[in-house]
**Q** 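Quick one: structure below, then a few questions.
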There are 2 protein chains.
Amino acid sequence: MKLKDSKTEEVILDAAKVVFMEYGLYGARMQQIADRAGINKALLHYYFRNKERLFDRVFENALSRYFQNMEVLLDESLPIIDRVHSYADRFIDFLTEYPQMAIFLIKEVSLNQALFEEKVKSHIKENPSLIAVINHGIQREEIQIIDPMLFFVNLVSLCTYPFVARPIFKVVAAKNDALWGVEQEISFRSSVHEFINNKIKPL
Amino acid sequence: MKLKDSKTEEVILDAAKVVFMEYGLYGARMQQIADRAGINKALLHYYFRNKERLFDRVFENALSRYFQNMEVLLDESLPIIDRVHSYADRFIDFLTEYPQMAIFLIKEVSLNQALFEEKVKSHIKENPSLIAVINHGIQREEIQIIDPMLFFVNLVSLCTYPFVARPIFKVVAAKNDALWGVEQEISFRSSVHEFINNKIKPL
DNA sequence: TCATGGTTTAACCAAATGGTTAACAAAGGT
DNA sequence: ACCTTTGTTAACCATTTGGTTAAACCATGA
């Protein structure tokens, strides 16, 4: 028998994404998700059994997106330093498109670190890691960098935290008659690339 | 009649701090707080009327602590660049002592930005701002810096995000046979100071 | 010692919430 | 037309949870 090719599942996932992103696993309400999806609450359970399973799916999708932007690192045709610059750009692109994603990950990870580690491990196995690529570049004597892990942390911090703490920065900016918004995106990006150039020395 | 100088209020606030920090306003349970404080749940309401008021007190305390470390900036006896370095150190000291504080602020701010702005405004009025101090230094031609607001965002990102995303970084580090923990604190601090020195030019 | 009033508790309540059930609608195969 | 499977809903249930109440507790001043 042919199944009714219902879009319901997708509609639910979309709604759940929005609600979970904003309120987290505990804060989100099943009724709220059902309302946003325009369906009866029981349908949520019909499709996803329970809240946690629904959340898992949303979280899994978010994680996929989060790791998707790492693929640039594999492009062997580019010098490593270019790949790092692209990586940073993709990272910022990604966060510009899904600004809540970072904070969503942070929030849930801080609540349930074990679950996160389990979920991330499979992704991390399939995906290239910036650090591995850098280490490879060092071994091939293509680049020089003091501490790859520290570089990674610094870089990701520079890229991510402005999105995570945007509301805080907005208040601070307003207080100081400074600007902080889309207008600053270009100089923000430049500052990240400048940081990369300061840290990675081509040989 | 003399009031029993009860420490109950303080005991409750301590317990509430821990629970709210971990689970946030919505995730925290009054019973959980009462249990941790070793008292009856009704006492919470006796002292703080309701959950939101209790949360407000905890949040207010956290905010005070958060702004406390800004006082270095006012020490006119120091050159501005030294004050910035001290500011960064205090910032990291603070987050080392209260690692959950940053993520706690972020989480609650993202849920209720209006409330945060209201609460922060009073603090921000009484406290010096790094940006204001830097602007002052530029005007006095003591230092040169391209974009104070951008510098502020970059600096705070470098200092804060490693604490916010510590669980994520730990997983990444483990995957790459790298280290990320207390042992790296010194080189982490150095990287922040290095960033400051790269950006601020004394005249 | 005992009345007073702040402090603390057990028991309770109403609302919210995740989840279930049973009935119904729709759609396809025969 | 009729049956079977899938999709959808309203009504319901059990539990959780923030909050209330009334009574007990206990230090103190008279």
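Atoms considered below: every heavy atom in the structure, side chains included; atoms not considered: hydrogens, waters and symmetry mates. Each chain gets a letter, A, B and so on, in the order its sequence line appears, and its residues count up from 1.
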**Q** Grab the CZ-P distance between B/Phe48 and C/dT8 for me, whole Å please.
**A**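 Checked: the CZ to P distance equals 12 Å.
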**Q** Only one of B/Thr160, B/Leu150, B/Leu130 forms a side chain to side chain contact (heavy atoms under 4.5 Å, CB included) with B/Leu155, so which one is it?
**A**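 It is B/Leu130, the one option of B/Thr160, B/Leu150, B/Leu130 that forms the side chain to side chain contact (heavy atoms under 4.5 Å, CB included) with B/Leu155.
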**Q** Reading DNA chain C from 5' onward, which residue's closest nucleotide shows up sooner: A/His45 or B/Ala42?
**A**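 Whichever sits nearer the 5' end wins; that is B/Ala42.
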**Q** Suppose we screen for salt bridge (Lys or Arg N to Asp or Glu O under 4.0 Å). Which residues come up paired with B/Lys41, at least two apart in sequence or across chains?
**A**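 Applying salt bridge (Lys or Arg N to Asp or Glu O under 4.0 Å) to B/Lys41 gives none.
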**Q** For B/Tyr47 and C/dG6, give me the distance from atom OH to atom P, rounded to whole Å.
**A**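 Atom OH in B/Tyr47 sits about 12 Å away from atom P in C/dG6.
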**Q** What integer distance in Å separates B/Lys41:NZ from C/dA11:P?
**A**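 Nearest whole value for this atom pair: 13 Å.
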**Q** By nearest atom, which of the nucleotides D/dG18, D/dT9, C/dA10 is closest to the B/Asn40 side chain?
**A**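 Shortest atom-to-atom distance from the side chain points to C/dA10.
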**Q** Given atom CG of A/Leu43 and atom C1' of D/dT6, what is their separation to the nearest angstrom?
**A**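 Spelled out: CG on A/Leu43 to C1' on D/dT6 is 11 Å.
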**Q** Using the salt bridge (Lys or Arg N to Asp or Glu O under 4.0 Å) rule, take A/Arg65 and A/Glu60 through it: C-alpha gap first, then chi angles, then the decisive distance, then the call.
**A** CA-CA 9 Å; A/Arg65 283 261 161 76; A/Glu60 190 58 38; over 6 Å; no
**Q** Could you give the CD-to-C1' distance, from B/Gln31 to D/dT16, as a whole number of Å?
**A**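 These atoms are roughly 11 Å apart.
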**Q** Return yes if some donor-acceptor pair links the side-chain N/O of A/Gln184 with the main-chain N/O of A/Gly181 below 3.5 Å, else return no.
**A**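 Yes, A/Gln184 side chain to A/Gly181 backbone: donor-acceptor pair under 3.5 Å.
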**Q** The criterion is salt bridge (Lys or Arg N to Asp or Glu O under 4.0 Å); which residues satisfy it with A/Glu142, sequence neighbours excluded?
**A**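 Once residues adjacent in sequence are excluded, the partners of A/Glu142 under the salt bridge (Lys or Arg N to Asp or Glu O under 4.0 Å) criterion are A/Arg140.
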**Q** How close or far is atom C1' of C/dT17 from atom OH of B/Tyr26, stated in whole angstroms?
**A**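 Answer to the nearest Å: 15 Å.
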**Q** At less than 4.0 Å, is any side-chain N or O atom of B/Thr8 found next to OP1 or OP2 of C/dT7? Yes or no.
**A**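 The answer is no; no side-chain N or O of B/Thr8 sits under 4.0 Å from OP1 or OP2.
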**Q** Using a heavy-atom cut-off of 4.0 Å across all strands, would you classify A/Ala28 as base, sugar-phosphate, or nothing?
**A**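 Contact class for A/Ala28: sugar-phosphate only.
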**Q** Does A/Arg29 place a side-chain N or O at less than 4.0 Å from the phosphate oxygens OP1/OP2 of C/dA16?
**A**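 Checking A/Arg29 against C/dA16: no side-chain N or O falls below 4.0 Å of OP1 or OP2.
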**Q** Going by heavy atoms closer than 4.0 Å, what residues in residues 49-61 of chain A are next to DNA chain C?
**A**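 Those residues are A/Asn50, A/Lys51.
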**Q** So, B/Arg57 and B/Glu9, do they make that salt bridge, N to O below 4.0 Å?
**A**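 B/Glu9 and B/Arg57: salt-bridged.
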**Q** Rounding to a whole Å, what distance do you find between B/Lys7:NZ and C/dT8:P?
**A**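 After rounding, the gap between these two atoms is 10 Å.
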**Q** Which of parallel (below 30°), tilted (30 to 60°) and perpendicular (above 60°) describes B/Phe104 and B/Phe59?
**A**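 Answer is tilted, since the angle falls between 30° and 60°.
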**Q** Quick one: is B/Tyr46 getting a side-chain N or O under 4.0 Å of the D/dG19 phosphate, OP1 or OP2?
**A**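 Checking B/Tyr46 against D/dG19: no side-chain N or O falls below 4.0 Å of OP1 or OP2.
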**Q** To the nearest angstrom, how far is A/Leu44 atom CG from D/dG7 atom P?
**A**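 One finds 15 Å between P of D/dG7 and CG of A/Leu44, rounded.
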